[in-house]
A.B. asks: 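After the structure tokens below, expect a handful of questions from me.
In the text below, chain A, chain B and the rest are named by the order of the sequence lines, each starting its count at 1.
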Protein chains: 2
Amino acid sequence: MPTTNLDETARQILAAASRRFLHYGYKKTTMSEIADDCNMSSGNLYRYFPSKLDIAEMFVRVLRGEQVDNLRTVLDAPGRSPAQKVRDFFLLKFKLAYERFHDKPKAFELSSELILERPKVALEWENAEGRVLGEILSEGNADGSFAIDDVPAITKILQNTAYRFTSPALFHESGEEALAVELNGVIDLVLDGFAWRSAHGEQGKTVSAASR
Amino acid sequence: MPTTNLDETARQILAAASRRFLHYGYKKTTMSEIADDCNMSSGNLYRYFPSKLDIAEMFVRVLRGEQVDNLRTVLDAPGRSPAQKVRDFFLLKFKLAYERFHDKPKAFELSSELILERPKVALEWENAEGRVLGEILSEGNADGSFAIDDVPAITKILQNTAYRFTSPALFHESGEEALAVELNGVIDLVLDGFAWRSAHGEQGKTVSAASR
DNA sequence: CGATTGAACAGTTTATATATTAGTCAGGCT
DNA sequence: AGCCTGACTAATATATAAACTGTTCAATCG
């Protein structure tokens, strides 16, 4: 998915643009500067990318592809139960978001700007992460630790419960440690929910549905 | 907490300001306009409020006080179990936020602007709502349906799990119905978590903690 | 004398003019 | 031909000037 589909020249352009995006941000890097870095004219950039925003989109796609790859390592961690992997997944996702927010602010800002214009990118990204999380849940179904009938639906619900720790709204307010403690509390609770459903099968859903 | 502490003149000022805030927004209403509405000079406003922002803060405090009162009615609903009240609480909170976002956009905008300058107001609000939620949890402890040792901590965790449905980030993306369905899914899961903990007592925490 | 005013000040917003930039394309180069 | 250039344009952004607004306070009023 990352740069492998791209022409050699396109890769060069993307690399030059990425350097400037990270240093100066999206709005403060001009097409002429990117072209100069690549020893070509600005007009030639448009032979490889339809617009400046598309370069930014590719930049974000690469970043997020790396993040999904990173999260995918949780799947192969040896000696970790599915429940532990659910926790690993969200703690790692939180840690990556928190760190990127604090020490790559320009990249974070660029992501936010891009998503305003290209919301589809955010959705695709959430779905890609959801597939990793879904694989963890399926593993748990296979070994009997979970009893989830609709994996995609539960995946979305899990993502909802952890949303506060993946959106930057809170990243100003508290330190990484305090937020991680709160996230662990959330995970404790939802894992206990899984434990209940695993022990009670379909009845688990009936019980909570009855509370409506 | 609302306007009862206020001087008669201060109430008049607040009422005039509120009308203009709702119609035109915070930045587009001037102190002179508020003063004119009250048949007084702009300078005289400062005998009753230290600054324009403080008028806005009072306006938001009144709005939010009404919202907390509204949520508090969930506590007295007859024939509802504590689990049902937890669900009622969050569905009502979501509904109020969603509706206010869509049909009082100026009030929503003013809230957001104010919180940037006065974050303390947001914290106080969250704590006030947390106290209502905490009372529901204590009720559940009393009648044996829950088994929560640290009510304030669990209150915060519950607020975290539902955060996505109380922040306006998603209010553009989906309709009220679809979001309510997702919120119900979240509540189903955390209530099952409570069910597990209630059935297993302290062991519940041990089980999920062991997944670390 | 306490309550109120409105002119004055500093800071900010808005309006206007100037400059820069994203994107195009007719032509040049290889 | 296929790739690239760089002047050109419309749109955006920056810089500057004018107008306005929040806030203060000496003077006025009742």
A.B. asks: Nearest whole Å is fine: how far is D:dA13 P from A:Glu113 CD?
C.D. replies: 11 Å
A.B. asks: Output yes when A:Glu176 and A:Lys95 qualify as a salt bridge under the 4.0 Å nitrogen-oxygen rule, no when they do not.
C.D. replies: no
A.B. asks: A:Met31 CE to D:dA7 P: how many Å, rounded?
C.D. replies: 18 Å
A.B. asks: Measure CG/A:Asp7 against C1'/D:dC4 and give the value in whole Å, please.
C.D. replies: 14 Å
A.B. asks: Before accepting this row, confirm whether a basic side-chain N of the pair A:Arg87/A:Asp188 lies closer than 4.0 Å to the acidic partner's carboxylate O.
C.D. replies: yes
A.B. asks: When the nearest nucleotide of DNA chain C is assigned to A:Glu33 and to A:Pro50 on a heavy-atom basis, which residue is associated with the more 5' position?
C.D. replies: A:Glu33
A.B. asks: Give every donor-acceptor pair under 3.5 Å between a side-chain atom in residues 157-167 of chain A and any protein atom, sequence neighbours left out.
C.D. replies:
{"from": "A:Gln159", "atom 1": "NE2", "to": "A:Glu126", "atom 2": "O", "distance (Å)": "3.2"}
{"from": "A:Asn160", "atom 1": "OD1", "to": "B:Arg164", "atom 2": "NH1", "distance (Å)": "3.2"}
{"from": "A:Asn160", "atom 1": "ND2", "to": "A:Lys156", "atom 2": "O", "distance (Å)": "3.4"}
{"from": "A:Asn160", "atom 1": "ND2", "to": "B:Glu182", "atom 2": "OE1", "distance (Å)": "2.6"}
{"from": "A:Thr161", "atom 1": "OG1", "to": "A:Leu158", "atom 2": "O", "distance (Å)": "2.7"}
{"from": "A:Arg164", "atom 1": "NH1", "to": "B:Glu126", "atom 2": "OE2", "distance (Å)": "3.2"}
{"from": "A:Arg164", "atom 1": "NH1", "to": "B:Asn160", "atom 2": "OD1", "distance (Å)": "3.1"}
{"from": "A:Arg164", "atom 1": "NH2", "to": "B:Glu126", "atom 2": "OE2", "distance (Å)": "3.4"}
{"from": "A:Thr166", "atom 1": "OG1", "to": "A:Tyr163", "atom 2": "O", "distance (Å)": "3.0"}

A.B. asks: Considering only NZ, NE, NH1 and NH2 on the basic side and carboxylate oxygens on the acidic side, decide whether B:Asp76 and B:Lys85 come within less than 4.0 Å.
C.D. replies: no
A.B. asks: Where along nucleotides 1-6 of chain C does protein come under 4.0 Å, by heavy atom, of base (B) or sugar-phosphate alone (S), with - for untouched nucleotides?
C.D. replies: --SBBB
A.B. asks: Between C1' on C:dA22 and CG on A:Leu45, what's the gap in Å once rounded to a whole number?
C.D. replies: 11 Å
A.B. asks: Kindly determine whether B:Phe146 and B:Arg197 satisfy side-chain contact (heavy atoms from CB on, under 4.5 Å), including the steps that lead there.
C.D. replies: CA-CA 8 Å; B:Phe146 300 151; B:Arg197 290 180 179 189; over 6 Å; no
A.B. asks: In whole Å, I'd like the distance from the NZ atom of A:Lys52 to the C1' atom of C:dT24.
C.D. replies: 17 Å
A.B. asks: Calculate the interatomic distance between B:Phe49 atom CZ and D:dT23 atom C1'; express it in whole Å.
C.D. replies: 16 Å
A.B. asks: Taking NZ, NE, NH1 and NH2 as the nitrogens, is one of them in B:Glu135 or B:Arg72 under 4.0 Å from a carboxylate oxygen of the other?
C.D. replies: yes
A.B. asks: Over how many whole Å does the gap from A:Tyr46 atom OH to C:dT21 atom P extend?
C.D. replies: 12 Å
A.B. asks: Between C1' on D:dC20 and CD1 on B:Ile34, what's the gap in Å once rounded to a whole number?
C.D. replies: 15 Å
